[in-house]
Amino acid sequence: MNENLLNQLNDGQRKAVEYCDGPQLVIAGAGSGKTRVLTYKIAYLLERGMAPWNILALTFTNKAAREMKERIGRLVGPERAQRLQMGTFHSVFARILRAEADAIGFNANFTIYDQADSRSLVKSIIKEMQLDDKTYKPSSVADRISMAKNHLLLPQQYAVSSWAVDDAQQKRPLVAQIYSRYAERCRQANAMDFDDLLVQTYILLLHHDEVRQKYIDRFQYVLVDEYQDTNYAQQEIVLLLTRDHGRVCVVGDDAQSIYSFRGANIDNILNFQKMYERAQLFKLEQNYRSTQFIVQAANSLIRKNERQIHKNVFSENEQGERLTLKPAYSDKEEAIIVCNDIKRIRRKEGCEYSDFAILYRTNAQSRSFEEQMRKDGIPYRIYGGLSFYQRKEIKDVIAYFRVVANPSDEEALRRIINYPARGIGDTTVGKIVDTANLHNVSLWQVICQPMVFDLKLAKATLTKLEAFKDLIQQWGERIEDEDAYELGHSIIMESGISRDIYGSTNPEDLSRQENLEEFLGGMQDFVLSRKEEDREDETGLRDFLQEVALLTDLDSDNDAEQPKVVLMTIHAAKGLEFPTVFVVGLEENIFPSPMCTGSMRELEEERRLLYVAITRAERHCILTCAQNRFRYGRMEYDTPSRFIKDFDPSLLRIEGGNNAIHSTTTTSGNAFGPRQPAFARPRATTQNPRPVATQFMADPKPRLVPVRHEAPRPQSAAGDIGLKEGNVIEHQRFGIGTVVRLEGSGENAKATVDFKNAGTKQLLLKFAKYTIVR
DNA sequence: CACGTCACTGTTTTT
DNA sequence: CAGTGACGTG
């Protein structure tokens with residue numbers, strides 16, 4: 001088996017996999033099989049007898065973790081892969097922090113504040129301190145606090161650091177005080193923001209020797225993916241965990257470090273060998289993804305950067321064609337050019353829409369492409385932007401859940417205390433906040449005991465407050481006994497949210513209704529799949545919240561859908577690859593970003609960003625820029641990006657001309673059928689209707705009666721006995737798959753199924769919903 | 001206290 | 001051109 005594993009690797013990859021004797025830095029050029037090395041290395045460790053729960057693998061996105069787990073499952077079997085400690089820094093640490101919450105003075109039910117929550121809290125604090133919100137812009141103050149945390153600077157240290165000196169020079173000396181209040185408020189709210197998940201983990205491990213030792217013993221081997229994008233806090237935590245035994249492997253590419261705005265420090269990877277004295281360096285330089293011209297063009301670009309680890313990335317694929325730059329008159333024409341190219345290449349090469357990606361610097365650029373693709377009937381999917389969970393109606397529901405799970409959660413409480421309107425307005429909330437601050441307690445404590453804290457309100461308002469308190473408490477009592485779907489459904493019905501959203505016949509509310517239904521369907525899926533995976537004790541509302549708090553748009557893929565052109569920012573495209581890539585908007589005021597001051601460090605990062613974009617392409621890489629662009633509601637003139645001159649001119653073909661103009665006449669109906677409303681919907685998650693959706697639609701008026709709590713009937717119950725190894729089944733969510741193993745019988749019958757698109761899953765047949773295909 | 005209207009302002013990238 | 005905040009009215 002070991003032999004087999006290693007035979008599937010090239011020399012460099014094999015050496016990197018086999019070396020397990022000490023700290024290891026793997027510099028992996030773009031497309032050189034970085035993920036392959038990580039997965040094989042983990043499989044190799046498992047084959048050599050290491051227990052899966054002793055291996056910690058930290059990734060950058062949930063998606064990367066999931067995919068890696070799947071691939072490892074194929075190598076060593078899904079049971080072992082399932083037990084690996086694998087996930088993003090944030091999700092792994094959130095779990096540890098819940099287990100150890102007591103040690104750092106938090107409650108295990110703490111809420112995770114997202115960026116919007118953080119900003120909103122900072123904003124309230126600035127307001128309470130009666131500061132001018134022009135000098136103290138909430139978002140930049142929040143960013144600064146975040147940055148401080150990424151450097152492990154606590155409020156007390158911050159106040160006496162050079163950071164505070166800088167603040168004073170910027171005429172905003174009170175940031176330190178805001179930071180300090182912010183930290184207090186988070187603690188009162190029993191909440192942690194994204195950065196706290198790192199900071200608190202660090203504090204936990206640093207100050208509690210027995211806890212640290214426990215995790216050092218547990219994580220006998222630590223692997224970190226995308227190491228070039230780790231920040232100081234992450235580096236220090238990994239160091240705490242691995243300094244003693246040195247069994248650490250970090251993988252990354254300094255040329256793809258693009259997250260400095262989030263605190264990522266390229267020095268982490270550049271200086272790894274200084275942090276770990278015995279560290280060995282491995283380089284992967286053969287690119288398997290792209291044609292030679294693409295690799296060479298990317299090399300010629302990145303060569304212009306000074307700070308980097310030298311490497312010689314090469315490809316032995318076909319030479320391919322040169323990069324093409326297609327200048328356009330306007331953003332509108334740019335979109336037309338791209339759409340025409342998609343149609344042309346698709347026809348010529350007979351490929352799918354999903355073989356194309358349009359990558360841009362900022363989310364706002366998606367607009368013109370969206371419009372054009374809708375006109376042309378090209379199916380597309382936009383990633384990023386505002387994700388599903390950031391929609392107002394969804395955030396409202398989640399806010400209710402958060403308050404039920406953790407009533408101290410200030411941000412969630414403020415969001416829902418008067419939604420739907422129940423007569424508790426701004427004035428009342430203001431008084432509650434003041435009282436809470438005065439006594440250093442949470443808003444919830446004040447609401448529960450208004451007399452104790454001497455809350456001065458009219459009798460009628462106090463009554464309303466108490467009714468609200470009772471409402472929340474009554475759900476809270478059910479949290480241990482009911483699953484997320486049952487309780488969530490009740491909350492939506494009884495809170496008045498459904499009355500609000502279904503009450504009006506206003507057509508604009510239709511999409512809110514659909515979103516709510518989709519959300520409920522998602523909750524039902526969550527409960528069902530956990531049951532199928534035999535994790536029935538992890539189906540509660542808190543488990544659901546933990547899951548959604550760290551989800552991103554990229555995580556909600558629906559593989560089974562029809563192929564679509566992908567639109568996303570370059571940042572979001574990291575780690576992905578496509579046969580044809582369009583890198584659009586290569587103009588001075590976009591790329592490099594005008595926010596970038598022009599310092600060498602920042603400019604080099606922008607250049608790396610373009611490098612990342614180019615290296616996503618397998619066969620075709622087409623660049624565009626527009627002379628005029630609609631911005632701020634005005635037409636603005638722009639010159640081509642300075643980065644265009646960085647390419648070796650012999651590798652870049654410039655295709656002038658305005659021939660695309662003629663295609664403006666492209667009509668809406670075409671060979672791919674008439675304009676379909678489905679395309680008009682950027683969110684492609686419109687799925688087959690679920691039972692829950694019909695429950696809602698059948699009865700547009702809100703029902704305040706309790707819903708039926710029956711578990712959805714497994715349609716397959718009768719067919720269970722008939723299932724054999726080798727059967728092909730169609731699962732409700734995972735699609736088509738082959739049964740590779742059956743275990744247990746009756747209640748506990750389990751099947752291991754290798755799904756075509758969804759990977760290998762273990763299904764508890766009692767709950768699984770599927771039909772046998774053959 | 002809720003709701004509507006009006007003016008303003010400011011736009012990178014995200015776990 | 002949004003999305004937000006301030007202000008006035010019912």
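Each chain gets a letter, A, B and so on, in the order its sequence line appears, and its residues count up from 1.
No hydrogens or angles considered: nothing links the side chains of A:S641 and A:E587 as a donor-acceptor pair under 3.5 Å. No donor-acceptor contact under 3.5 angstrom links the side chains of A:S120 and A:Y113, judged on distance only. Between the side chains of A:N589 and A:D638, at least one donor N or O sits under 3.5 Å from an acceptor N or O. With hydrogens and angles left out, the side-chain atoms of A:Y227 and A:Q234 include no donor and acceptor closer than 3.5 Å. Using modelled atom types, one finds no donor on one side chain facing an acceptor on the other under 3.5 Å when comparing A:R608 with A:Q308.
One atom, CE of A:M568, and another, C1' of B:dT14, lie 14 Å apart when rounded to the nearest Å. The distance between atom OH of A:Y383 and atom C1' of B:dT12, rounded to the nearest whole Å, is 21 Å. If you take CZ of A:R631 and P of C:dA2, they are 15 Å apart, rounded to a whole angstrom. To the nearest angstrom, C1' of B:dT13 lies 11 Å from CD of A:Q365. Atom CG in A:L550 sits roughly 16 Å away from atom P in B:dT14 (whole-Å rounding). The nearest whole Å value for the distance from the CZ atom in A:F194 to the C1' atom in B:dT14 is 8 Å. In this structure, A:M147 places its CE atom 16 Å from P of B:dT15, rounding to the nearest Å. Between A:D132 atom CG and C:dA6 atom P there is a gap of 12 Å when expressed in whole angstrom units.
C:dT4 and B:dT13 are spaced 23 Å apart, taking the C1' atom of each and rounding to whole Å.
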A:K34 vs A:D253, salt bridge (charged side-chain N to carboxylate O under 4.0 Å, His left out): CA-CA, chis, key distance, verdict: CA-CA 9 Å; A:K34 176 179 62 105; A:D253 178 5; over 6 Å; no

Test log, rule side chain to side chain contact (heavy atoms under 4.5 Å, CB included), inputs A:N406 and A:R542: CA-CA 9 Å; A:N406 168 28; A:R542 289 195 179 115; over 6 Å; no

Between protein and nucleotides 1-4 of chain B, what N or O pairs are separated by less than 3.5 Å?
| residue | atom | partner | partner atom | Å |
| --- | --- | --- | --- | --- |
| B:dC1 | OP1 | A:T428 | OG1 | 2.6 |
| B:dC1 | OP2 | A:T427 | OG1 | 2.2 |
| B:dA2 | OP1 | A:N418 | ND2 | 2.7 |
| B:dA2 | OP2 | A:N418 | ND2 | 3.4 |

Strictly under 3.5 Å: I want the nitrogen or oxygen pairs between protein and nucleotides 6-10 of chain B, one per line.
none

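Figure legend: cation-pi geometry between A:K304 and A:F643 absent, as NZ or CZ is not positioned both under 6.0 Å from the six-membered ring centre and within 45° of its axis.
Applying the 4.0 Å criterion to OP1 and OP2 of B:dT14, one finds that A:T569 has a side-chain N or O inside that range. For A:N150 and B:dT15, the shortest distance from a side-chain N or O to OP1 or OP2 is not below 4.0 Å.
Applying the side chain to side chain donor-acceptor pair (under 3.5 Å) test to A:E236 and every residue at least two apart in sequence or in another chain returns nothing.
Judged by ring centres under 5.5 Å apart and planes tilted less than 30 degrees, A:Y259 fails to stack against the six-membered base ring of B:dT13.
A:F89 comes within contact range of no nucleotide atom at all, as no heavy-atom separation falls under 4.0 Å.
The A:R367 side chain lies nearest to C:dA2 when the options are B:dT15, C:dA2, B:dT13.
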